[in-house]
Amino acid sequence: MSNLEYDPHAYTAEVNGREDHAPGDEPEESAGHWVRNANFGLGFSIVLTVAAFFLAGSNVIYAPAVPVALIVLAIAQMGVHLVFFLHITTGPDNTNNVLALAFGVLVVFLVVIGSVWIMENLYHNMMPMDQMMDMHP
Amino acid sequence: MTDMGLPASIEAIRRVREDPHRLGHMTHGHESALEGIGHGATGPAGKRIIVGYGFWIFLLSDIVMFSCFFAAFAVQRNATAGGPTMAEIVDLPRVALETAALLLSSYTCMLSFAATNARNLFWTQIFLLVTGLFGLAFVLLEAQEFIELAGRGITPDRSGMLTSFFGLVGLHGLHVTLGGMWLATMMAQVQVKGFRPEIVHRLICFNLFWHALDIVWIGIFTIVYLIGGGA
């Protein structure tokens, strides 16, 4: 019999406050704790979303800086979601969750930034179309 | 010399002992975290934790898949082949409505999980239903958008930009649709089977999935609609 077969949590469906925790899950708390987190998450998200839509449609800041500002707002809002909706913390009970998240973020950045970088280079080094036509008369 | 200092320092020591990492959620019991926590030294975790963590790994791989679609859109954003540009196809008021619907559904989803933790069947079902209705509103708005675009002759085969646009936004919409079906299934299961452990585990996974969809949507409305739309 493996250790996994004996699982007291399987019968109580409760988490032990002294163990590791999965994302979005926490040891027993009052409903108020969850609702308060949800309210914080919703409040911050509304502020950040309204700011993003406002900035996109106005010229209160230097125009070339708007995409950067929008990306900063988006990353901030993703952070708000991770903290208040998914309950990712920096505590030792969350080490596994944070490490998995860090690896996921690494792969996402490699894929997105790597693709954009490589394709921009290709685009700039590509022969203009009229020259290419001249090569094959 | 007064004796005011001593009780205060004892209080501080007690707080550090009970909650050494200031997690804020160890205050109910008088136990400290297990030795070796976070270093894989606490023995096999409970099923609830294994299920949630496994689903977290799946979600991260799902987000990696989305990142490939984001990369495709970022690379092809100017590949319009003489067709419509992003600025011509973005309808910002509708995007704002979609964003509001998805954010509110994420909020009510979390309220449903609060009710689940309190083992309150009525409010769990109510908030799951509201979550589903917001999700349905989102899917309908997106379907309306795609149908309108198709009516103007803007289809995925028109240009590379449109292929990646419909691919990315459509993939997210497909996720929300499938999530909605999962939600309906969960409502039926909660009603029939009650809060059995495996049902609660499925509710945890569903919550994670729904919040992850909202996180992906943040990327979509920022990169595709706001920045792509010419901001």
Side-chain angles (χ1 to χ4, degrees), chain A residues 3-4 7-11 13 15-29 31 33-35 37-38 41-42 45-46 49 52-53 55-57 66-67 70-71 73-74 77-78 81-82 85-86 89 91-97 100-101 103-104 107-108 111-112 115-116 119, chain B residues 21 23 25-26 28-29 31-34 37-39 42-49 51-53 55-57 60-61 63-64 67-68 70-72 74-75 92 96 99 103 106-107 110-111 113-115 117-118 195-197 200 204 207-208 211 214-215 218-219 221-223 226-227 229 231:
Chain A
N3 282 331
L4 285 176
D7 180 6
H9 311 294
Y11 305 105
V15 277
N16 185 340
R18 306 166 69 211
E19 283 182 346
D20 294 319
H21 300 129
D25 199 11
E26 273 185 16
E28 195 185 350
E29 288 282 359
H33 166 84
W34 293 90
V35 175
N37 260 332
L42 181 70
S45 295
I46 288 178
T49 305
F53 275 84
L55 276 185
V66 169
L70 290 178
I71 287 176
L73 286 173
Q77 195 176 344
M78 288 176 186
H81 279 243
L82 287 175
F85 287 160
L86 293 174
T89 69
D93 59 344
N94 259 278
T95 315
N96 295 331
N97 306 339
L101 175 67
F103 180 66
V107 174
V108 166
V111 167
V112 173
S115 299
V116 171
M119 295 310 286
Chain B
H21 301 281
L23 298 176
H25 55 56
M26 299 262 182
H28 297 293
E31 317 169 287
S32 56
L34 286 182
I37 195 169
H39 297 98
T42 51
K47 192 151 199 173
R48 174 165 170 162
I49 290 152
V51 167
Y53 187 69
F55 199 76
W56 179 231
I57 302 289
L60 288 168
S61 70
I63 287 173
V64 166
S67 79
C68 298
F70 273 108
V75 165
L92 265 192
T99 306
L103 179 59
S106 216
Y107 175 70
M110 194 163 165
L111 293 185
F113 192 58
N117 273 335
F195 292 117
R196 294 200 327 221
V200 174
I204 291 173
N207 269 270
L208 285 175
H211 293 315
D214 203 15
I215 290 180
I218 296 170
F221 85 70
T222 302
I223 291 176
L226 294 183
I227 296 180

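Labels below follow one simple rule: chain letters A, B, ... track the order of the sequence lines, proteins then strands, and each chain is numbered from 1.
Distance check, rounded to the nearest 0.5 Å: CD1 of B/Ile223 to CG of A/Leu70 gives 10.0 Å. With rounding to the nearest 0.5 angstrom, the CD1 atom of A/Ile46 is 9.0 Å from the OH atom of B/Tyr107. Expressed to the nearest 0.5 Å, how far CE of A/Met78 lies from CD1 of B/Ile63 amounts to 8.5 Å.
Only the side chain of A/Met119 comes within contact range of chain B, with heavy atoms under 4.5 Å apart. Of the atoms belonging to B/Ile57, it is side-chain heavy atoms, and not backbone ones, that fall under 4.5 Å from chain A. With a 4.5 Å cut-off on non-hydrogen atoms, B/Phe221 touches chain A through its side chain but not through its backbone. In this structure, chain B has heavy atoms under 4.5 Å from both the backbone and the side chain of A/Leu101.
The shortest distance between side-chain heavy atoms of B/Trp56 and A/Leu86 falls below 4.5 Å. Side-chain contact check for B/Ser67 versus A/Val107: every heavy-atom pair is 4.5 Å or farther apart. Within the 4.5 Å cutoff, the side chain of A/Val66 has no heavy atoms near those of the B/Leu226 side chain. Contact of the A/Leu82 side chain with the B/Ile215 side chain is registered, since non-hydrogen atoms from C-beta on lie closer than 4.5 Å. Using a 4.5 Å heavy-atom threshold, the side chains of B/Leu92 and A/Phe53 count as touching.
Residues satisfying the side chain to side chain donor-acceptor pair (under 3.5 Å) test with B/Thr222, not counting sequence neighbours, are none. A search for ring pair (Phe, Tyr, Trp, His ring centres under 6.0 Å) contacts involving A/Phe85 returns A/His81, B/His211, not counting sequence neighbours.
For the pair B/Ile227 and A/Pro67, the tightest heavy-atom approach, listed with the atom from each and the gap, is CD1-O, 3.7 Å. Minimum interatomic distance between A/Val116 and B/Ala74 (heavy atoms only, all atoms of both residues): CG2-CB, 3.7 Å. Nearest heavy atoms, B/Gly52 versus A/Pro23: O-CD, 4.2 Å.
Counting heavy-atom pairs closer than 4.5 Å to chain A, the top residue among B/Ile204, B/Val64, B/Leu103 is B/Leu103. Contact count versus chain A (heavy atoms, under 4.5 Å) is highest, among B/Ala96, B/Ala118, B/Ala72, for B/Ala96. Considering only heavy-atom pairs separated by less than 4.5 Å from chain A, the leading option among B/Asn207, B/Val51, B/Thr99 is B/Thr99.
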